[in-house]
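Take a look at the structure below.
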Amino acid sequence: MRRWLVISLLINALALTIGLLAVQRLGGWRFLMQRWQHREAPLYEHRRQLFGQMPLQNGAIIFLGDSQTALCEWRELFGLDLPILNRGIVADHVGGIQQRLEEIVRHQPAKIFLLVGVNDLLFGKSPEEIEPDYRALVTEIRTALPATLLILQTVLPVNNHIKNTGQSNAKIQALNARIAQIARDNNLPFVDIYRLLTDAEGNLAQQFTLDGLHLNGAGYQVWKQQVAPYVTH
């Protein structure tokens, strides 16, 4: 028994060593993090380039953010004859949105619904570190689009009982408090979607998700109801 335990430990140690060497060979943890942050990832660039090829829609209503935004068919969900554009990209973060603002600005949108930040947390940034970047993004949008109504939205809760999302609701709530303050400081609308999606324990309720992170159809209906007054008026 002891012999097999030793052999097992040696095999695990060897596998870990090979994994660490592979990471180092690829450029280290910083390189992998940069790849995950889509600075060179094809998916981000493909989506960004596709958006650049889409027809100009002056006065559009734009939903801007990461996968939470990207995975919804906003125009169909509202069922309105309005120029609603989905500008969400999976794994996007505050800096990524800043890098692609030019495409947003060209539409001179009437309204922008911004939801971003959970991936910044996943990339290891604290709410305190994210706040100045988020403030800079808001300032950049308002400077480039002074006539556009910018609506800030809470980052959504997670449920680690369904699946380990790698994130905690405590950090998300801390970030949301800072986003709420940014909205107050800039006299911007702030939509709290977070609280309506949680269960009694403060997690993303099971009826709204299958993977503990992203929303299902029922979850998007809750989101829709919260932002509908801003979309239709």
Side-chain angles (χ1 to χ4, degrees), residues 34 37-41 44-45 47-70 72 74-75 82-123 125-156 172 174-194 223 226-233:
Q34 289 175 344
Q37 286 178 284
H38 68 237
R39 292 176 185 173
E40 298 176 7
Y44 173 84
E45 188 59 26
R47 294 293 289 172
R48 189 189 69 80
Q49 290 188 19
L50 173 63
F51 292 154
Q53 297 297 316
M54 303 298 272
L56 180 67
Q57 296 202 47
N58 283 318
I61 298 170
I62 295 181
F63 283 79
L64 179 60
D66 50 37
S67 60
Q68 299 285 11
T69 296
C72 183
W74 294 104
R75 191 191 297 255
L82 294 172
I84 300 176
L85 304 182
N86 188 332
R87 289 299 182 266
I89 297 182
V90 173
D92 209 352
H93 57 102
V94 174
I97 288 179
Q98 282 183 298
Q99 292 172 15
R100 60 187 179 96
L101 268 185
E102 182 179 355
E103 195 280 324
I104 304 298
V105 171
R106 75 185 178 104
H107 298 287
Q108 293 294 301
K111 303 165 187 176
I112 294 176
F113 292 86
L114 177 65
L115 193 158
V116 67
V118 70
N119 290 313
D120 295 80
L121 291 172
L122 288 170
F123 298 152
K125 288 187 175 182
S126 67
E128 294 82 3
E129 292 171 323
I130 297 169
E131 180 180 355
D133 295 336
Y134 198 110
R135 284 185 179 275
L137 174 60
V138 167
T139 297
E140 192 168 345
I141 292 173
R142 298 192 74 200
T143 300
L145 297 165
T148 297
L149 177 61
L150 175 61
I151 300 101
L152 305 188
Q153 304 168 102
T154 50
V155 175
L156 307 186
I172 292 174
L175 177 58
N176 283 337
R178 292 175 180 274
I179 295 173
Q181 186 59 54
I182 293 171
R184 288 191 292 269
D185 292 344
N186 290 274
N187 196 28
L188 298 175
F190 176 73
V191 180
D192 185 358
I193 310 163
Y194 181 102
W223 188 342
Q226 286 299 100
V227 299
Y230 295 101
V231 171
T232 57
H233 294 93

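Quick note: residue numbers are just sequence positions, from 1.
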(Q) Between Trp223 and Gln153, do the side chains contain a donor N or O and an acceptor N or O under 3.5 Å apart? (A)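 Present: a donor and an acceptor within the cut-off.
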
Give a yes or no answer on whether the side chain of [X] reaches the backbone of [Y] with a donor-acceptor pair at less than 3.5 Å.
| X | Y | value |
| --- | --- | --- |
| Asn119 | Asp92 | yes |
| Arg75 | Leu82 | yes |
| Trp74 | Ile62 | no |

Could you report the tightest heavy-atom contact between [X] and [Y], atom names first, then the distance?
| X | Y | result |
| --- | --- | --- |
| Cys72 | Asn86 | O-ND2, 2.7 Å |
| Gln226 | Pro229 | O-CD, 3.7 Å |
| Val155 | Leu115 | CA-CD2, 4.2 Å |
| Thr148 | Pro109 | OG1-O, 2.6 Å |
| Gly117 | Asp66 | N-OD2, 4.2 Å |

Roughly how far, to the nearest 0.5 Å, is the [atom2] atom of [Y] from the [atom1] atom of [X]?
| X | Y | atom1 | atom2 | answer |
| --- | --- | --- | --- | --- |
| Tyr230 | Lys111 | OH | NZ | 10.5 Å |
| Ile97 | Leu64 | CD1 | CG | 4.0 Å |
| Glu140 | Leu145 | CD | CG | 10.0 Å |
| Arg178 | Leu175 | CZ | CG | 8.5 Å |
| Arg100 | Arg47 | CZ | CZ | 9.0 Å |
| Leu101 | Arg87 | CG | CZ | 12.5 Å |

Run the side-chain donor-acceptor check on residues 184-193: report pairs under 3.5 Å with partners two or more places apart or on a different chain.
| unit_1 | atom_1 | unit_2 | atom_2 | d |
| --- | --- | --- | --- | --- |
| Arg184 | NE | Gln181 | OE1 | 3.4 |
| Arg184 | NH2 | Gln181 | OE1 | 2.7 |
| Asp185 | OD1 | Gln181 | NE2 | 2.7 |
| Asp185 | OD2 | Arg135 | NH1 | 3.2 |
| Asp185 | OD2 | Arg135 | NH2 | 2.7 |
| Asn186 | OD1 | Arg142 | NH1 | 3.3 |
| Asn186 | ND2 | Ile182 | O | 2.8 |
| Asp192 | OD1 | Tyr194 | N | 3.2 |
| Asp192 | OD1 | Arg195 | N | 3.3 |
| Asp192 | OD2 | Arg195 | NE | 3.4 |

Extract all donor-acceptor atom pairs below 3.5 Å that involve side chains of residues 53-61 and protein atoms in other chains or at least two apart in sequence.
none

Pairwise side-chain contact, [X] with [Y], heavy-atom cut-off 4.5 Å (strictly under):
| X | Y | value |
| --- | --- | --- |
| Thr154 | Ile179 | no |
| Tyr134 | Asp120 | no |
| Pro127 | Leu121 | yes |
| Leu156 | Val118 | no |

Q) Taking the six-membered ring for Trp, are Phe113 and Phe63 parallel (under 30°), tilted (30 to 60°) or perpendicular (over 60°)? A)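 The rings of Phe113 and Phe63 lie parallel, inter-plane angle below 30°.
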
